[in-house]
Amino acid sequence: MTFRTRFAPSPTGPLHLGHAYSALLAYDMAKENGGEFLLRVEDIDQSRARPEWETQIYDDLAWLGISWSEPVLRQSDRLGVYSGALDTLWEHELLFVCHCNRKDILNAASAPQEGSPMIGPDGLIYPGTCQSKPRTSQLRPTDTALRLDVSKVAEWSASFMETGQGPEGQTGKINITDQEFQTQVGAIVLARRDMGTSYHLSVVLDDAAQGITHVVRGNDLFEATKIHVLLQHLLGLPTPTYHHHALIRDDAGKRLAKRDDARALSKFRADGYTPADIRKMIGL
Ligand code: GLU
């Protein structure tokens, strides 16, 4: 099997030093292993994605000396694939309709008998409000949020190989049990009302479609990997090896954000820095 890595930015702002680190690390790993590096544009959030940011991604990566071996995969071209996977999960009765907004969830999760609200990889752990409501239609609705009914997933356990490190130094074989998933992750949203899919569902289907064997990304997504591994199990997809890396931080120790224009690659370029300078700054 060809060793394949990918970089999967969202075109919602300029790439910064943290993106350069992730992209170069994935690119270098592919080259060192005689493999391939692929690019995916994660543009399912059409309210935030902009064509000019997508163009800038191509320019910045080319400037860094990164090339990709297949045409770019754009998530906005794959809505039919995401919809098909949702149909499968719906037919297996693994999804439920959820009408709660953020405030409803916060109120239910903070009710006195619940203790303090628990936070999972996707924010507040869903308190279960809509979970046991019966279906009003056999057809999968496409205009509401759909959550994964973790209580219906038959007993399972899974694991993934971590060759980098989670935020607390987690490495090697990482085990996940259904019990842990129910309490620490909960009924996550798989189809958002405004996009008809979700980051988690799309990323899992796309990594499989692109034949990615090694996912290289920031350790802010380490906990979300538990969701990805469960979805791979439910959809019959392979689980790649994961390599989570530390995040690049500014001098004050704060993680870089897209609104941090000062750290944008285009700014360094305009100021006369070279790709070699960037590599040195991020320790590659
Ligand atoms: N699109 C995500 C981001 O820009 C990355 C997702 C991933 O690497 O799995 O943060």
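Residues: numbered from 1 along the sequence shown. Order of listing sets the numbers, starting from 1, for every ligand and every atom in it.
More than 12 non-hydrogen atoms from other residues, nucleotides or ligands lie less than 6.0 angstrom from NZ of Lys31.
Judged by the shortest distance from any of its heavy atoms, Tyr199 lies inside the 4.0 Å radius around the atoms of ligand 1. Every heavy atom of His19 sits 4.0 Å or more from the atoms of ligand 1.
Each of the atoms 1 (N), 4 (O) of ligand 1 lies under 4.0 Å from some heavy atom of Ser10. Near Leu221, the atoms of ligand 1 lying under 4.0 angstrom from a non-hydrogen atom of the residue are 6 (C), 7 (C), 9 (O). For ligand 1 and Glu42, the ligand atoms under 4.0 Å from any heavy atom of the residue are 1 (N), 2 (C), 5 (C), 6 (C). Residue Arg6 has at least one heavy-atom neighbour below 4.0 Å for each of these atoms of ligand 1: 7 (C), 8 (O), 9 (O). Distances below 4.0 Å separate heavy atoms of Val203 from the following atoms of ligand 1: 9 (O).
A cation-pi contact, defined as under 6.0 Å to the ring centre and within 45° of the axis, is absent between Arg48 and Trp53.
Looking at Ser159, its side chain never comes within 3.5 Å of a backbone N or O of Asn175 through a donor-acceptor pair.
Ring pair His16/Phe268: centre-to-centre distance not below 6.0 Å.
An N or O contact shorter than 3.5 Å links Ala8 to ligand 1 by distance.
The aromatic rings of Tyr126 and Phe96 sit tilted relative to each other, their planes meeting at an angle between 30° and 60°.
For the salt bridge (charged side-chain N to carboxylate O under 4.0 Å, His left out) test, residues two or more places apart in sequence or in another chain that qualify with Glu54 are Arg74.
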